Each structure stands twice: as structure tokens, then as C-alpha cells.
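Taking it in order: structure first as C-alpha cells, then the write-up.
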Amino acid sequence: MDTLFIIIVATLILLAICDLSVGVSNDAVNFMNSAIGSKAARFRTIITVASVGIFAGAAISNGMMDIARHGIFTPTYFSFYDVLCLFVAVMITDVILLDVFNSLGLPTSTTVSMVFELLGGAFAIAIIKISSGLTDANGIPLDFGDLLNTEKALSVIIGIFLSVAIAFVLGSLIQWVARMVFSFTYKKRSTIRTIIFGAVAATAIIWFLLINGLKHSAFMTDDLKSLISQNTWIILGVCLAFFSIVMSTLHFLKVNVLKIVVLMGTFSLAMAFAGNDLVNFIGVPLTGLESLIDYTSHGNGNPSEFMMTSLNESAQTPLLYLILAGIIMVVSLIFSRKSRNVTKTEVGLSAHSEGDEMFGSSAAARVLVRMATNTSKTITRFVPLNIRNWVNHRFVRNESDIESGAAYDLVRAAVNLVVAGLLVAFGTSHKLPLSTTYVTFMVAMGASLADRAWSRESAVYRITGVLSVIGGWFITAGAAFTVCFLLTNAMYFGGYIAMGLLIAIGVVVVVMSNRQFSRKKNATPSDLTFSKILQSYDKNEVWQLLGTHVRESATHGLKFSTNIYRQITDGFFNNDYRELRRSVNKLRDERAYLKLMRRREIIAFRRLDPVMAVERNTWYFLQNNSLMQVLYCLKRTCDPCLEHVSNSFTPIPADICDQFINIREHILQLLEDTLQLIQSELVDGPFEARAEQLRQQGDNLQLKLGAFRKTLLDRMQNKQSKIDTLLVSLNIVQESQQLISSTRHLLRGMSRLLA
């Protein structure tokens, strides 16, 4: 039996390694987003700074496990078997839950997930014990208040509301003030202000480290904490003077002060994350290990009767465990692809430039946008015109002050980090349960709103994204509680066999999730050309890149159309239901992809010279609409074929099939020739001449299809075949004619657009 317990605890430790990996992948948004979004340094440099901060925070943390040990439940009334069921359920739930959020690209709180998992599992055990008539030493029946610490969960819920409201409002206000001070031309006109801001920001970051980042450090004794508390203003004054000298020197040496501030903020938040949130990942398994040691040393052989009173005491984690945890977190941060997926969400929601909107439009977002617009109009009426003009002038963006390819400038990045750090430090010093994840995200959203990054065209999508993320935070608590509650019950009543099965299921779910994520990432083509368009401010270069992008999207669409046309017709002729079902799904995905490409290309048109844009956009929309019509033709072809085959109607006669396949091969060759022409480097006359030849071929094919259509009508009139089969065949012929016509329009639009 002891061997079985050792295996279970070893599994807990392995799950902790997985949890460290998925946890740091999600929490990376807390400390890396501002540096990545502003391009404060190369990605490798940002990763290095964050990794050093994580390792330092993990190594100096004292690893207090009070939350996992007795912060949620009263261990005096929980047996060794109870805590095993509870801890295994918590780790499985945590790994799966965080992995799901990483795959969706949504940031969430590891603290919230762990607290509510412990609460859900402990609640399950409490119900079992109360229903069995458990009493205290005096024989008085116990209730939930005796077994659970619900105050901790309540403080976390309060923390959600506090974090969301306070961080968003303060982030908006401070970013607006910062933009009034610096505008977008701080590199040329704000030397003194930049130095002062850098010194103040660096001082705030040091205070954040002292108050929050190092609060659980081994050398942070009560006397030292008291000394810092009593001499706060002296420490801040000395830091301010010191950093004023440092920032002046750096500026004199032509070093961008704001980049240093952003990297300092990244380091401090990473260090605070590792030092404070490490318990969220290793607290439960290490508590399980200590429980096993206690049971092995003092147990009576019955795990269901040995109570875990020893967990009432606080424990110190060995330095070796902390260092190993830090190494795992650093490796996960460097190699995790999902961390970049989560980072992409926050950076995309706060970006200045229009680009891919990750979220759609929601009714709540539309209402909020209308309310904000009407409120803004009302307030504007009472503001004098000269003040309005001056304020608007401060928000005129100068592209030269934004790093190439950056989502926003260094001023906003510094505000994000400094305000988030100050809020978390202030909340910690006043014992307010503020979440680091919630604070950093909402400060970034509030700052982007105040910085006018949310335009009339993008606001509804951005707000939908923010509401989705906030909704996910509440789902985290509910899902963590519910899933862990169910798993704990299953393990308690199912015994060790249920534990083994659920552990295996959890591992399989995570492995499949990662495989699916990798396949999705590999299947999604990267759009380097569009990235170059967004980074370029040369209108001629933008036009050349746009032409390349149009060729690429048209090539992708034609290649897809050629393959799917063959797949649909083969599926119909061979009565292959699965092939037609797959075709329907592929067509849906391709339409979404084409809409995305069209949005990107319209954004690129906005960056062209207005005269050129007016000249070219007519032909652009002709070719783009033609490509979309090709997809609609294929959908109208596929749907009746799928219905026919799914109903097991009479297959198409062999002679009709043979006649159409002969024409189909010519259609496929036309699509292939069109694809090769668009891919070629032919311009002006040669392109137009070859396009005209292909259009003529299309006319000839339409005549052949017309003759074949007459043959089908004659057979229908003479009752030589089933009417349902002939109707589907006629539909294929008609849509094939429309497909050729759309291809001809596509060639015409491309030849004029690229001329």
C-alpha cells in the first residue's frame, strides 16, 4: 500500500511539472506583453530578462504553502486518504483548465483556479463527512464553517471586481495624462520630461519589488519589513535621486530611457510572479509529499483514519525544489508556443493599428460603444474649442516615434508596467486581494482606450474581446470548483482505480490538446507580407507589398478551389458521404480565411496614396468578389450533392459521369492555368494577353457545358434517368458554368489591378 501512495505522490509531482509549464505559459502575459507590444527590445532579449526575473523570484521565495495546507480546509478533520483524493483532483483540474485557456489564448488567474479547485474538492469531502455524521472532540456535529475556510474564496471574488474596476479606471486616467505630457513626439521634444518620468517609473518599480516581489523572500524578515514600512518615504526619495542621475547619464549616452524602464518593469513583474505565484503550481504536490512523509512516519496503517493535523503548521520549502521549479518555468517560457498565443490576445486588443480582430461583435459591446459615443458627444459640447483642438493635437501619431512593427509606443508600455506594479504593491501593502493577471490586463485595456487605440471601426471588436476575457475569469472560478468537486467525488468513491483512470484521462486530454494546437498552428499560414505592410510607411513599398499579398491570397484561393472542386465531384460520383462532409467544412473555413484576407488588404489600401487607392480599388474588389463567388459556386454545388448522397438516392449513371469528367478535367486545367498565370511575374501586356487566352478558353468550356446541359434536359424529358439524380447533375453543370464565369472576371480584375 505504501508503494501505491508513493506512486500517487510521484504522479502529483509530475502533474506539478506540467502545471508549471502551462501556468507560466498563461501568466507570461503579465510581464511580457508590454515589452513585446512596444518592441522595447528583441524578443530574445525580452525572454532573457523575463527568465532571469522568474528564476530569481523562484530561488529567493520561501515557498510558504499555507493556502494548500490549511488556507481552504481544516486539515484536522481530513484524513490522509481525503487529502490524496483532493490533491490529485486539484492537479488534474488545474492542468486541464490552464491548458484550455492557453489554447484559447485567454489570460486567467492561477490563484483563482487553485483556490476554487481546493474549495471545490474540499467541499466534496465536507459533504461526505457531514452526511456521515462527523463530530468534533466534544461530540458536536460539524458543519461547513468548521471544515472549510470560505472567507478566502470570498476575498478572491472581491479581488476580481476590485482588480477589474480599479485597474481599468486608473490605467485610463494615467495614460491620458501621460499622453498629454508626452504626446507622440517625446523623442524630439520631451528630453527633461522623459528623464523625470524614467526616474519616477524606476523608483515605483523598486517599491513594487520591495513591497510585493520580495515579500515572501527568505531574507525578508519581520524586522526588515517593519524597517521598510517605517522608512518608506526616505527609501523612495533616495531611489528617486539615484535614478534621476542614472537616467540623465543614460540619456546623455544616447540610450533610450523608456526602453530601460520597460525592461525593468518586465523583470520586476516576472520576479514577483515567480516569487508569489509559485505556490499555485507546487504548493499542492509538495503538501501531498509532506502528507505522505507524515503518514509513513506516524500512520496506523489505515489512510482513512489518519488525520492530517500536521498540515496546520506552516512549512518551508527546500531551496532545491524552488531552483528546480524556476528552471522548469524558464524552460517552459522559452519554448512554449501557447504563451505567445496568450500574449497575442492582449497585444492585439491594445494595438494602435488596425489589423486582425480576434473577436467578433457582441450585443453588449455594441450597447457600450453607443453609450460611450453619446456620452463623449455630450461632454465635448461643454469643452471650449481651443482646448479640444489642443487635446486632439496631443493624440496625433507620429510613426517615427513608434518602433517598426510595434503595437504601441514605449510611453504606453511604461505606463502599463508602472501602473500595474504600483496597484499590486498598493493592494498588497493594504491587504487588498488584487490579482496580478487581472490588474495587468485591465491596465493595458484602460491605457489603450485612453490612448485612442480603439477607433470607431475596431472598438466594438476590442470591447467584445475584453468582455470575453473577463467572462473567462468568472468561468475559471466556476469551472475549477465544479470539475474538482466531481473528480474528488469520483476518486473518493472509486478508490485508487478511479485515481489512476482519471490521471490517465487528464494526461491524454492535455496531450491531445497540444497536438491539436500544433496542427492548428501549422495549418494556419503565416502572413509575413501583411506584417511587412503594417511595418512600412513608404506608400510605394506598400503598393508593391499589397500586389504581392493579392497574388498570394488569389493563389491560395484558386489552389483550394481546384482541389475542392475535384473533391466534391469525385465524392458525388463515388457516393462518398465523408468526402462531401469534409468538403462542406473546408469551404466554411476557406470563406472565413478569404474574408480575413480581404480585411487585411482593405487595411493596406488605406496606407496607399489616395489617388492610387481610388484607381485600383475597383479592380481589386472585382477580383476579390470573383474569388468569393467561386467559393459560393462550390458551396452551391456541394450542398445538393451531400443531400443526395446522404439520402442514398440513385447514383449518377455511368455514361453521364464519364461525359462530365471529360469536361471537368478541362475546367480543372483552366483553374490550374489561371493559378500559374497569377503566380507568374508577367506584367502589363504579357499578363493581359495570356489572361485573354484563358478567358477565351473559358468561353469554349461554357459552350461545352451548355451542350451537356441540353443532353441532361433531353434525358429528363425522355424519362431515361431518375429525376432527382438529373436535377443534381444539372445543378453541377450550372454552377460549373458560373465558376468559369467568375474565373474570367477574376482574370480581368487581376490584369487591371496589377497593370
Side-chain angles (χ1 to χ4, degrees), residues 1-16 63-93 114 117-149 152 279 282-318 321 484-485 487-503:
M1 185 64 72
D2 289 346
T3 303
L4 178 61
F5 293 147
I6 293 173
I7 294 174
I8 293 174
V9 173
T11 304
L12 279 177
I13 295 174
L14 291 176
L15 288 173
M64 294 295 291
M65 302 297 151
D66 290 349
I67 294 179
R69 295 170 67 88
H70 54 257
I72 300 298
F73 61 94
T74 306
T76 303
Y77 303 112
F78 281 66
S79 68
F80 177 62
Y81 180 73
D82 296 335
V83 297
L84 274 186
C85 295
L86 171 60
F87 290 162
V88 173
V90 167
M91 293 309 298
I92 293 175
T93 305
M114 186 195 67
E117 285 154 5
L118 285 169
L119 185 62
F123 185 70
I125 300 295
I127 290 178
I128 296 172
K129 289 187 171 296
I130 291 174
S131 61
S132 64
L134 181 67
T135 61
D136 61 11
N138 299 320
I140 301 175
L142 298 176
D143 56 21
F144 288 109
D146 299 315
L147 297 174
L148 302 177
N149 179 10
K152 181 63 181 179
V279 64
I282 67 174
V284 168
L286 290 184
T287 304
L289 177 60
E290 293 188 19
S291 301
L292 174 62
I293 295 173
D294 184 35
Y295 171 76
T296 305
S297 302
H298 308 99
N300 54 9
N302 188 345
S304 298
E305 294 182 359
F306 181 75
M307 296 301 169
M308 302 308 304
T309 306
S310 61
L311 297 183
N312 282 317
E313 301 175 359
S314 297
Q316 299 287 333
T317 304
Y321 293 161
C484 197
F485 174 85
L487 292 183
T488 303
N489 274 299
M491 292 180 189
Y492 187 90
F493 294 106
Y496 305 111
I497 296 177
M499 286 188 191
L501 288 175
L502 289 173
I503 289 172

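Bear in mind that the values here come from a model prediction, so they are computed numbers and not experimental data.
- Residues Glu290 and Ser310 have side chains not in contact (no heavy-atom distance under 4.5 Å, counting atoms from C-beta outward).
- Ile497 pairs by the side chain to side chain contact (heavy atoms under 4.5 Å, CB included) definition with Leu501, not counting sequence neighbours.
- Contact record, Pro141 with Asp146: O-OD2, 4.4 Å, taken as the closest heavy-atom pair.
- The nearest pair of heavy atoms linking Val284 to Val90 is CG2-CG1, 3.9 Å.
- Partners of Phe306 according to the ring-ring contact (aromatic ring centres under 6.0 Å, His included) rule, which considers only residues two or more places apart in sequence or in another chain, are Tyr295.
- Not counting sequence neighbours, Thr309 has no partner by the side chain to side chain donor-acceptor pair (under 3.5 Å) test.
- Residue pairs that meet the salt bridge (Lys or Arg N to Asp or Glu O under 4.0 Å) test with at least one member in residues 74-86, sequence neighbours left out, are Asp82-Lys129.
- Screening Tyr496, Phe5, Phe87 for a ring pair (Phe, Tyr, Trp, His ring centres under 6.0 Å) involving Tyr81 leaves a single residue, Tyr496.
- Each of Leu147, Thr135, Ile125 was scored for a side chain to side chain contact (heavy atoms under 4.5 Å, CB included) with Tyr77, with one residue passing: Leu147.
- Closest heavy-atom contact between Met308 and Pro75: O-CB, 3.1 Å.
- For Thr74, the side chain to side chain donor-acceptor pair (under 3.5 Å) test picks out no residue, with sequence neighbours left out.
- Across all their heavy atoms, Ser79 and Met307 have their closest contact at N-SD, 3.6 Å.
- Listed by chain and number, the residues in a side chain to side chain contact (heavy atoms under 4.5 Å, CB included) with Ile128 are Asn489, Tyr492, Phe493 (sequence neighbours excluded).
- In this structure the side chain of Ile503 reaches within 4.5 angstrom of the side chain of Val88, judged on heavy atoms.
- The side chain to side chain donor-acceptor pair (under 3.5 Å) test applied to Asp143 returns no partner, not counting sequence neighbours.
- Residues meeting the ring-ring contact (aromatic ring centres under 6.0 Å, His included) test with Phe78, sequence neighbours left out: Phe73.
- Sorted pairs that involve residues 490-503 and meet salt bridge (Lys or Arg N to Asp or Glu O under 4.0 Å), not counting sequence neighbours, are lacking altogether.
- Shown here are the side chain to side chain contact (heavy atoms under 4.5 Å, CB included) partners of Ser131, two or more places apart in sequence or in another chain: there are none.
- A salt bridge (Lys or Arg N to Asp or Glu O under 4.0 Å) check over residues 301-310, counting only residues at least two apart or in different chains, returns nothing.
- A pairwise comparison of heavy atoms in Leu487 and Ala89 identifies CB-CB, 3.8 Å as the closest pair.
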